[in-house]
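Have a look at the structure below, then the notes.
To find a chain, count down the sequence lines: A is the first, B the second, and so on, and within it residues start at 1. Just so we're clear, the structure is a prediction, and the values are computed from it rather than from any experiment.
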Number of protein chains: 2
Amino acid sequence: MSCLFTEYLLNRYGFRMGRPIRTRRQATLASLAAELGVSRTTVSNAYNRPDQLSPELRRRVLETARRLGYPGPDPVARSLRTRKAGAVGLLLTENLSYAFRDPAAVGVLEGLALACEDAGVGLHLVPASPGHEDVAAVHRAGVDGFVVYSVPDDDPHLAAVLQRPVPTVIIDQPRIDGVDRVGPDDAAAVANIANHLVELGHRQIGVLCMRLARERNDGFVTLERQSNAHFHVQRLRLEALAAAFSLAGVDWANVPVVERFDHTVDEGASAARQLLDANPQVTALICTSDILALGALAEAERRGLHVPGDLTVTGFDGIAEAERIGLTTVHQPVLEKGKAAGKLLLGASERVTPKIITLPTELRVGRTSGPPRTAEERWFGP
Amino acid sequence: MSCLFTEYLLNRYGFRMGRPIRTRRQATLASLAAELGVSRTTVSNAYNRPDQLSPELRRRVLETARRLGYPGPDPVARSLRTRKAGAVGLLLTENLSYAFRDPAAVGVLEGLALACEDAGVGLHLVPASPGHEDVAAVHRAGVDGFVVYSVPDDDPHLAAVLQRPVPTVIIDQPRIDGVDRVGPDDAAAVANIANHLVELGHRQIGVLCMRLARERNDGFVTLERQSNAHFHVQRLRLEALAAAFSLAGVDWANVPVVERFDHTVDEGASAARQLLDANPQVTALICTSDILALGALAEAERRGLHVPGDLTVTGFDGIAEAERIGLTTVHQPVLEKGKAAGKLLLGASERVTPKIITLPTELRVGRTSGPPRTAEERWFGP
DNA sequence: GTGAAAGCGCTAACAC
DNA sequence: GTGTTAGCGCTTTCAC
């Protein structure tokens with residue numbers, strides 16, 4: 001341990017235990033070569049092509065490097081020369097906490113990280129502040145490609161990414177012609193859940209959805225805002241719901257839809273409260289994410305509503321906690337989504353035609369959906 | 001949108017819609033300068049020091065850049081020149097899934113990411129495969145510093161990090177002299193929970209803990225393995241428990257401790273099963289993480305044990321789900337941990353004396369701990 | 001098996 | 001306000 005410590009000081013400050021060495025951090029491949037009386041090529045080879053040296057010479061090089069506190073070839077200089085950064089960038093705009101608090105997003109992140117790990121490349125999280133239009137961070141990122149996860153179609157960071165001369169893969173949204181994309185079959189997924197509710201007999205429904213644009217609008221959503229949503233996944237889900245319920249005779253214009261900017265369980269609860277306060281007749285609450293659904297369940301409990309007797313609640317994503325409590329939801333393979341994006345990107349160097357990967361989803365009926373009670377049952381018990 | 005598409009193709013492949021341009025990707029700061037008949041400095045200034053140019057000239061430069069498909073200064077070349085990578089590396093060895101499945105780890109990640117975002121620097125996840133001793137990834141990472149999160153003290157990646165001439169901050173473990181560290185006051189935290197259980201009257205206890213070393217050992221843990229653990233946080237927690245219960249007259253040598261390599265709810269359940277099968281007399285299960293505790297609760301339910309009547313279960317970390325279900329646990333400010341590490345690192349350039357930050361923890365008594373039932377009560381009801 | 005030469009693309013003094 | 005000069009530290013043909 002003490003050895004690690006000593007070396008750390010030596011490398012970081014250029015001295016051992018208070019005894020300063022000539023100059024702080026000067027060792028370089030060239031200086032090492034000079035010290036050894038060999039050429040820079042040889043030193044470089046000692047690190048990158050061990051088979052091009054005699055083992056003995058190599059040992060000497062490494063040994064001297066150690067003595068001089070040379071930490072090996074500088075990664076940045078190497079990247080410049082080889083034109084490979086050894087990292088892929090990840091852009092997830094609009095509030096980092098959004099990403100890390102959502103297990104579905106974390107799943108994507110994990111999948112992507114695994115794919116990167118397999119390929120031995122780093123994953124560079126681009127600092128894209130929320131309001132802050134600090135596009136510079138995108139320009140500053142030394143990466144061989146970008147993965148963009150679920151951003152609005154008018155995101156300036158996205159525009160900056162597309163300007164960079166490297167391949168890009170978009171997960172979920174937005175859809176851009178000519179750019180690789182990985183996403184679930186949203187329309188089918190939502191149709192599934194809608195049909196499930198229709199068959200159970202629900203006609204009085206309400207919807208809780210995530211943000212539809214970059215500006216905050218915590219409250220009811222007009223039809224216009226629904227169809228102008230800049231997050232096309234949310235737009236698509238609403239459209240699919242509208243289609244399915246219209247077919248069942250429900251007038252979509254009368255279906256209350258409540259939006260939340262922040263994606264948290266608490267916001268889900270408050271959204272449910274807002275919706276139910278104004279529409280107590282609702283028998284089913286469709287949420288466009290499990291997180292929101294978890295909040296809706298909490299609110300149902302607070303109101304003393306029995307689920308699913310008094311209120312059916314459904315989610316979207318299939319996160320672990322939802323599964324543990326038996327939430328009816330649409331499961332999507334988030335890990336695979338991230339992995340697929342990673343693989344697509346890492347293999348994208350040569351391809352010219354863009355690739356679209358659509359992942360399957362699965363309706364998982366749990367304990368939170370059931371037929372609505374009749375008014376009679378509601379008053380007099382089942 | 002179509003505009004984005006066109007530009008993307010132009011930048012990535014060097015042509016517009018199938019019409020190839022001279023050579024694929026040649027535009028560079030120098031070529032731009034040549035085209036414009038100005039010096040490279042001027043072009044550089046157009047991007048980095050807008051105040052050093054006439055607005056008119058700057059407009060012309062940017063306009064020409066756009067026409068030529070010049071995507072702005074190459075980040076890697078810039079990094080080489082400025083000696084700033086604009087990113088910090090994060091090392092979390094030993095299975096990435098471990099990190100992403102554990103909300104406590106995700107919290108740290110989030111905090112760190114927020115700190116980076118504030119500073120406008122990227123967060124570079126170093127691909128450190130589990131068994132794979134691919135230390136090269138550490139050497140290849142173009143970063144200005146490293147944060148190391150909870151790795152064993154004999155981790156080769158850690159050794160490689162300390163060899164790099166950049167500042168380093170370690171979160172949780174290991175402790176290394178001379179290296180900055182951020183962590184909770186583990187000993188106090190564990191003592192708290194131990195005293196809570198002692199006061200409730202528990203003397204027949206069992207412990208579920210996370211991996212203690214790099215090799216897998218799913219099962220009971222000898223005293224020797226406990227005191228040789230390479231993850232000092234786990235070692236410390238066990239030692240603190242031993243101290244507290246010994247004081248209460250419990251012979252620690254007889255306390256069953258079950259270890260799990262993988263950190264998942266399912267493994268927590270199986271560990272609980274293994275422990276309770278062999279020690280049915282146990283009245284309290286102390287888990288060194290909430291994840292394991294969640295599993296223990298599931299197993300208790302499966303066995304028909306009433307919590308806390310038949311079995312008390314405690315966790316560690318204070319993750320959101322634990323809070324929602326009322327788990328008795330020790331809460332630690334994971335987000336702050338990540339943030340503190342980030343700030344420490346980002347401000348570390350000038351400091352020479354190492355800094356240790358200890359974060360407070362808090363015992364949160366929930367619904368899963370209570371006094372043990374007497375044998376009589378167990379058979380005949382409360 | 002080893003070395004010399006030629007940059008990768010950029011920024012930062014400092015002079016004009 | 002603009003240009004000249006020097007590298008940042010490395011890899012990579014291609015001769016020897």
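Taking atom NZ of residue A:Lys84 and atom P of nucleotide D:dG9, one finds them 23 Å apart after rounding to whole Å. As a whole-Å value, the separation of B:Leu32 CG from C:dT11 C1' is 16 Å. Between the P atom of C:dG9 and the CG atom of A:Leu80 lies a distance of 7 Å, rounded to the nearest Å. Following rounding to the nearest Å, B:Tyr47 (OH) and C:dC10 (P) show an atom-to-atom distance of 9 Å.
A search for side chain to side chain donor-acceptor pair (under 3.5 Å) contacts involving A:His139 returns nothing, not counting sequence neighbours. Here B:Asp74 pairs with A:Arg83 under the salt bridge (Lys or Arg N to Asp or Glu O under 4.0 Å) rule; sequence neighbours left out. Partners of A:Asp118 by salt bridge (Lys or Arg N to Asp or Glu O under 4.0 Å), not counting sequence neighbours: none found. Legend: residues meeting side chain to side chain donor-acceptor pair (under 3.5 Å) with B:Asn48, ordered by chain and number and at least two apart, are B:Ser44, B:Arg78.
When heavy atoms are screened at a 4.0 angstrom cut-off, A:Val76 is found touching no nucleic acid atom at all. Note on B:Leu53: only backbone sugar-phosphate atoms sit closer than 4.0 angstrom, heavy atoms only; bases stay farther off.
Each of A:Asp153, A:Asp154, A:Asp155 was compared with A:Arg214 under the salt bridge (Lys or Arg N to Asp or Glu O under 4.0 Å) criterion, and only A:Asp154 meets it.
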Next item on the list: Sugar-phosphate atoms are those with a prime plus P, OP1 and OP2; base atoms are the rest. Using that split, label each nucleotide of nucleotides 10-16 of chain D B, S or - for protein heavy atoms under 4.0 Å, 5' to 3'.
Entry: BBB----
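Applying the salt bridge (Lys or Arg N to Asp or Glu O under 4.0 Å) test to every pair with at least one member in residues 35-52 of chain B, sequence neighbours left out, gives these pairs: B:Glu35-B:Arg67.
Taking every side-chain heavy atom of A:Arg83 into account, C:dC8 is the closest of C:dC8, D:dT2, D:dC8.
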